[in-house]
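Just so we're clear, the structure is a prediction, and the values are computed from it rather than from any experiment. The sequence lines fix the lettering, A, B, ..., with proteins before strands; numbering per chain opens at 1. We use all heavy atoms of the structure for the numbers below, so side chains are in, but hydrogens, waters and symmetry mates are not.
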Protein chains: 2
Amino acid sequence: MTIRESGEMYLETIYILSQKSSTVRGIDIGAYMLFSKPSVSRAIGLLKKEGLVITDEQGYIKLTDAGEKKAKIIYERHQLISRLLMDLGVDEKTAIEDACRIEHYISEKTFDAIKKHVDKYGAKKS
Amino acid sequence: MTIRESGEMYLETIYILSQKSSTVRGIDIGAYMLFSKPSVSRAIGLLKKEGLVITDEQGYIKLTDAGEKKAKIIYERHQLISRLLMDLGVDEKTAIEDACRIEHYISEKTFDAIKKHVDKYGAKKS
DNA sequence: TATTATAGTTAGTGTCGGCTAACTTGTCAA
DNA sequence: TTGACAAGTTAGCCGACACTAACTATAATA
């Protein structure tokens, strides 16, 4: 069972929250994603099974090395797509929102192409 | 009930097939999309309910005016995103595939921005 | 200490959108 | 005329992924 869009979103969220705070709880994830506690609970359970997430003794949620690696890739994609869209003239809010949905559906090849473009011309805005 | 990703794909397919042949049947749609007959049957039923599709006396599937309008928009999006990706250096096959998945998730604003870009710089390839 | 609030889980539901199996119907050829 | 095939539909299933209601466990506070 490989990870899907929903799982990617959770991973990315955990990654983002981990950078703001050293402790991430299910409830924080739910608050960020606007999902209910049971939805988060189930999703985290699945990510644990896949070895992408663990919970420590206090119940805090952490990414495993594998999870962190994946999360970074997803996060990087999000950033890059946002930048591309902003380069094209899309306002930041819309760019971030659209990137969030698109990021799960682009191939490696397209991602590389966007990377090249943004490295060359882009990133008006960090 | 508003149309979703799956419905958009069916509409676009009907649109494409309608341009190749004046008669479009469920079986043709299934062959194109690689979906089973019952899946197509159900989807077409839903599109009929939404007034986007009708079947004529012989059972052939046609877009209504509303359906054609929607289908055109979706098709145009697909074309534009493909061009954008090709402009970025993505090969045609990959560009078309990725565009197919992305097209359902971009906002009007982003679409407009892509349109401007492609009109200005793009379309190396029709 | 007893109460209350917070966090997590369990159980069960609903929608979307695929699927197979099996039935119906119409056409065409033996 | 009958038998077979092609196309469509019906019935029912499944996975993904949200939800609510309700239970549990723990921590904080009156």
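If you take CD of E8(B) and P of dG18(C), they are 13 Å apart, rounded to a whole angstrom. Residue H104(A) contributes atom NE2, which lies 14 Å from atom C1' of dA16(D) at whole-angstrom precision. Rounded to an integer number of Å, the gap from L34(A) CG to dC17(D) C1' is 16 Å. L47(B) places its CG atom 13 Å from the P atom of dT9(D), with the value rounded to the nearest Å. Following rounding to the nearest Å, I61(B) (CD1) and dA7(D) (P) show an atom-to-atom distance of 12 Å. With rounding to whole Å, Y60(B) atom OH is found 13 Å from dG8(D) atom C1'. Look at NZ on K49(B): it is 13 Å from P on dT9(D), rounded to the nearest Å. Spacing between atom CD1 of I44(B) and atom P of dT10(D) amounts to 14 Å, rounded to whole angstrom units.
Side-chain contact between Q58(A) and T23(A) is absent, with no heavy atoms from C-beta onward closer than 4.5 Å. Taking the side chain as every heavy atom from C-beta outward, V53(A) and Y10(A) never approach each other to under 4.5 Å.
Within 6.0 Å of CG in D56(A) there are more than 12 heavy atoms belonging to other residues, nucleotides or ligands.
Proximity note for K48(B) (side chain, C-beta onward) versus dT9(D), dT20(C), dT20(D): the nearest is dT9(D). Distance from the side chain of S6(A) is smallest for dC17(D) among the nucleotides dG18(C), dT10(D), dC17(D). Taking the side chain of K37(B) as heavy atoms from C-beta on, and the options dA21(C), dT9(C), dA7(D), the nearest nucleotide is dA7(D). The listed nucleotides are dA18(D), dA7(C), dT9(D); the one nearest the side chain of R25(A) is dA7(C). Taking the side chain of S36(B) as heavy atoms from C-beta on, and the options dC19(C), dA11(C), dG8(D), the nearest nucleotide is dC19(C). Among the nucleotides dT9(D), dT20(D), dG18(C), the one closest to the side chain of S41(B) is dT9(D).
OP1 and OP2 of dT9(C) both lie 4.0 Å or more from every side-chain N or O belonging to R42(A). Residue S39(B) has a polar side-chain atom (N or O) positioned under 4.0 Å from OP1 or OP2 of dC19(C).
Using a 4.0 Å heavy-atom cutoff across all strands shown, Y10(B) reaches sugar-phosphate atoms only and no base atom.
A donor-acceptor pair under 3.5 Å links the side-chain atoms of K62(A) to the main chain of S22(A), judged by distance alone.
For the atom pair CD1 of I61(A) and NZ of K48(A), the computed distance is 7.0 Å after rounding to the nearest 0.5 Å.
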